Colleague: 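Here's a structure for you.
These figures come from a predicted structure and were not determined experimentally. Convention: sequence-line order gives letters A, B, ...; per-chain numbering from 1.
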Protein chains: 2
Amino acid sequence: MADYEQLKLSNQLCFPLYVCSKEVVRRYKPFLDELDLTYTQYITMMAMWEHRQLTAKELGDILYLDSGTLTPVLKTLEKKGFVARQRSQDDERSLVVTLTDEGWQLQDKAASVPEKMGQCIDMELEDLQIMHRLLHKFMDTFIKK
Amino acid sequence: MADYEQLKLSNQLCFPLYVCSKEVVRRYKPFLDELDLTYTQYITMMAMWEHRQLTAKELGDILYLDSGTLTPVLKTLEKKGFVARQRSQDDERSLVVTLTDEGWQLQDKAASVPEKMGQCIDMELEDLQIMHRLLHKFMDTFIKK
DNA sequence: CTAAATTAAATTGTGTACAATTAATTTGAT
DNA sequence: ATCAAATTAATTGTACACAATTTAATTTAG
């Protein structure tokens, strides 16, 4: 007789991870709508604000996204006027992404988003800190090649 | 001068949640390929194995998915022969989902997936347990209406 | 008792995600 | 120096995910 206990959703680690992730992204929506950004576009902009200039490859490494996802996201951000895309002069294979003035200005509007989000999360700070630490520890095990 | 420190990816809770969720789902893939299931189809089957019979509404409540996602997933599972879909006799609005023999048989093949996944995760059991507990605590704050 | 409100699925439209492939460029080993 | 191997984006195809709308059935209020 097989042990099906492990097949229950409540015993999985992945399922609550998947649900919490989706739920938090969903709660960003009203705030990100004001910036005309989706969540994926938002984290892309966050990486750009922090690094000023990145290749598509570097963005993919930072965001854990491949070109199949990033290419359309970057084209959309370009269309919205927040970033510029141009081939690297050193290496024609590379796509260099930079922020436009409008992209930089958006950072001001975005500055209040983390705090607003914090108010949406009904959990003790200590628990959030532990979760933050464990998730980063977990991420560190995803040895990126 | 605005404080942009909070806009760094490393200070976010959502970003590692989002990355870890995607990575774990990605690691399920080789095991789920053997069952001819995607991750979404897998958690749907897990709910069905646990509850034997559910309406689409109940499945959505359990899996935190809406009909826009579930309808095509259930149609695919029906096409693969794992579930049957039929209207409730009590309430024609409701869609009752049941498992086929093949759907039940799949549970045997799926029984080893959780253990195989456990071996893929390079983190101490204690950390995983804490994370599990905190994620469930977090989920409990998503007061479902 | 019936019109209005509610509920449940399905549909539509947009935007990811990711695997696999393709195309262009660069690198490296001989 | 040269060509095979590696690297980088882009493309293609499949499958979600969710907001918003639509359609049909049921419930509720007056």
Side-chain angles (χ1 to χ4, degrees), chain A residues 14-15 18-30 32-33 36-45 54-61 63-80 83 85-97 142 144-145, chain B residues 14-15 18-30 32-33 36-45 54-80 83 85-97 142 145:
Chain A
C14 187
F15 180 65
Y18 158 85
V19 171
C20 289
S21 169
K22 285 192 309 168
E23 176 67 16
V24 178
V25 168
R26 206 179 62 78
R27 293 197 185 186
Y28 268 99
K29 192 173 187 309
L32 298 185
D33 279 349
D36 188 25
L37 293 176
T38 63
Y39 181 72
T40 312
Q41 292 161 16
Y42 173 63
I43 59 174
T44 304
M45 292 302 288
L54 290 168
T55 64
K57 172 78 169 72
E58 290 167 334
L59 264 173
D61 287 342
L63 302 176
Y64 296 78
L65 294 173
D66 74 1
S67 65
T69 303
L70 264 182
T71 296
V73 168
L74 291 173
K75 284 183 177 174
T76 304
L77 287 174
E78 184 182 47
K79 202 174 295 173
K80 290 182 178 177
V83 305
R85 296 160 68 248
Q86 59 198 92
R87 289 288 159 181
S88 166
Q89 299 198 322
D90 298 343
D91 185 340
E92 281 286 329
R93 291 171 304 180
S94 286
L95 182 78
V96 177
V97 183
F142 303 163
K144 256 200 283 193
K145 231 311 276 128
Chain B
C14 186
F15 180 64
Y18 159 85
V19 172
C20 290
S21 168
K22 285 192 309 168
E23 176 67 16
V24 178
V25 168
R26 208 179 61 78
R27 293 196 185 188
Y28 267 99
K29 191 173 187 311
L32 297 185
D33 279 349
D36 188 25
L37 293 177
T38 63
Y39 181 72
T40 312
Q41 291 162 15
Y42 174 61
I43 59 174
T44 304
M45 291 302 288
L54 291 167
T55 64
K57 172 79 169 74
E58 290 166 335
L59 263 173
D61 288 342
I62 292 170
L63 302 176
Y64 296 79
L65 294 173
D66 74 0
S67 65
T69 303
L70 264 183
T71 296
V73 168
L74 291 174
K75 284 183 178 174
T76 303
L77 286 174
E78 183 181 49
K79 201 175 297 174
K80 289 182 178 177
V83 305
R85 296 161 66 249
Q86 59 199 92
R87 290 287 160 181
S88 165
Q89 298 198 323
D90 298 343
D91 185 340
E92 281 286 328
R93 291 172 302 179
S94 287
L95 183 77
V96 177
V97 183
F142 303 163
K145 241 290 297 123

Colleague: Mind checking side chain to side chain contact (heavy atoms under 4.5 Å, CB included) for B:Val19 and listing every partner two or more places apart, or none if nothing turns up?
Modeller: A:Tyr64, A:Met139, A:Phe142, B:Phe15

Colleague: List the atom pairs, with distances to 0.1 Å, where a side-chain N or O of residues 70-77 of chain A and a protein N or O form a donor-acceptor pair under 3.5 Å, not counting sequence neighbours.
Modeller:
from    : atom 1 : to      : atom 2 : distance (Å)
A:Thr71 : OG1    : A:Ser67 : O      : 2.9
A:Thr76 : OG1    : A:Pro72 : O      : 2.8

Colleague: Using whole Å, report how far CG of B:Asp66 lies from C1' of D:dT21.
Modeller: 13 Å

Colleague: Under the rule for side-chain hydrogen bond (donor to acceptor under 3.5 Å, both in side chains), what residues qualify as partners of A:Tyr28, not counting sequence neighbours?
Modeller: B:Gln12

Colleague: B:Leu37 CG to D:dT14 P: how many Å, rounded?
Modeller: 18 Å

Colleague: Between A:Leu65 (CG) and D:dT8 (C1'), how many Å, whole number?
Modeller: 16 Å

Colleague: Any side-chain N or O of A:Thr40 under 4.0 Å from OP1/OP2 of C:dA17?
Modeller: yes

Colleague: In this structure, how many angstroms lie between the C1' atom of D:dC16 and the CG atom of B:Leu32, rounded?
Modeller: 14 Å

Colleague: Take atom CZ of A:Arg27 and atom C1' of D:dA17, then tell me their distance rounded to the nearest Å.
Modeller: 17 Å

Colleague: Given D:dA10, C:dC18, C:dA9, which nucleotide is nearest the side-chain atoms of B:Arg87?
Modeller: C:dA9

Colleague: Applying salt bridge (Lys or Arg N to Asp or Glu O under 4.0 Å), can you list everything that pairs with A:Glu23, at least two apart in sequence or on another chain?
Modeller: A:Arg26, A:Arg27

Colleague: Tell me which residues in residues 71-80 of chain B put a heavy atom below 4.0 Å from DNA chain D, sorted by number, or none.
Modeller: B:Val73

Colleague: Hey, are the side chains of A:Lys22 and B:Leu65 touching, using non-hydrogen atoms and a 4.5 Å cut-off?
Modeller: yes

Colleague: With a 4.0 Å cutoff (strictly under), does any side-chain N or O of B:Ser67 reach OP1 or OP2 of C:dA8?
Modeller: no

Colleague: Taking for each residue the nucleotide of DNA chain D with the nearest heavy atom, is it B:Tyr39 or A:Leu95 whose nucleotide lies nearer the 5' end?
Modeller: A:Leu95

Colleague: Check every strand shown and say whether A:Thr69 touches a base, only sugar-phosphate, or nothing at a heavy-atom separation below 4.0 Å.
Modeller: base

Colleague: Go through it in stages, so that I can follow the logic: the residues are B:Val83 and B:Met45, the test is side chain to side chain contact (heavy atoms under 4.5 Å, CB included), and I'd like the CA-CA distance, side-chain angles, deciding distance and then a yes or no.
Modeller: CA-CA 9 Å; B:Val83 305; B:Met45 291 302 288; 3.9 Å; yes

Colleague: Would you say B:Tyr18 reaches C:dA17's phosphate, i.e. side-chain N/O to OP1/OP2 under 4.0 Å?
Modeller: yes

Colleague: B:Thr38 side chain N/O closer than 4.0 Å to the phosphate oxygens (OP1, OP2) of D:dA15?
Modeller: no

Colleague: Test of understanding: with side chain to side chain contact (heavy atoms under 4.5 Å, CB included), list the residues that count as partners of B:Asp91, not counting sequence neighbours.
Modeller: B:Ser88, B:Arg93, B:Ser94

Colleague: Partners of A:Asp36 by salt bridge (Lys or Arg N to Asp or Glu O under 4.0 Å), sequence neighbours excluded?
Modeller: A:Lys80

Colleague: Taking side-chain hydrogen bond (donor to acceptor under 3.5 Å, both in side chains) as the definition, give me every residue that meets it alongside A:Arg87, ordered by chain and number, with sequence neighbours left out.
Modeller: none

Colleague: What is the distance, rounded to the nearest whole Å, between atom CD of B:Gln89 and atom P of D:dT26?
Modeller: 12 Å

Colleague: Could you state the CZ-C1' distance from B:Phe15 to C:dA17, rounded to the nearest angstrom?
Modeller: 14 Å

Colleague: Using a 4.0 Å heavy-atom cut-off, does A:Asp33 contact any base of the nucleic acid, only the sugar-phosphate backbone, or nothing at all?
Modeller: nothing

Colleague: For A:Gln86, is the CD atom crowded, meaning more than 12 foreign heavy atoms sit under 6.0 Å from it?
Modeller: yes

Colleague: Can you tell me if the side-chain N/O atoms of B:Arg85 get under 4.0 Å from OP1 or OP2 in C:dA10?
Modeller: yes

Colleague: Which atoms of nucleotides 23-25 of chain C (N or O only) lie under 3.5 Å from a protein N or O atom, and what are those distances?
Modeller:
from   : atom 1 : to      : atom 2 : distance (Å)
C:dT25 : O2     : A:Arg93 : NH1    : 3.4

Colleague: Taking the side chain as everything from C-beta on, heavy atoms only, tell me whether B:Tyr18 gets closer than 4.5 Å to A:Thr40.
Modeller: yes

Colleague: Mind grabbing the angle between the end helix axes of the helix from C:dC1-D:dG30 to C:dT30-D:dA1? Five pairs an end, 10° rounding.
Modeller: 20°

Colleague: Tell me every residue that passes side-chain hydrogen bond (donor to acceptor under 3.5 Å, both in side chains) with A:Asp33, counting only those two or more places apart in sequence or in another chain.
Modeller: A:Lys29

Colleague: Which residues pass the side-chain hydrogen bond (donor to acceptor under 3.5 Å, both in side chains) test with B:Tyr42, not counting sequence neighbours?
Modeller: none

Colleague: How is B:Ser94 classified with respect to the nucleic acid when contacts are heavy atoms under 4.0 Å: base, sugar-phosphate, or nothing?
Modeller: sugar-phosphate

Colleague: In this structure, how many angstroms lie between the P atom of C:dT16 and the CG atom of A:Leu70, rounded?
Modeller: 10 Å

Colleague: Using only side-chain N and O atoms of A:Lys22, determine if any of them is under 4.0 Å from OP1 or OP2 of D:dC18.
Modeller: yes

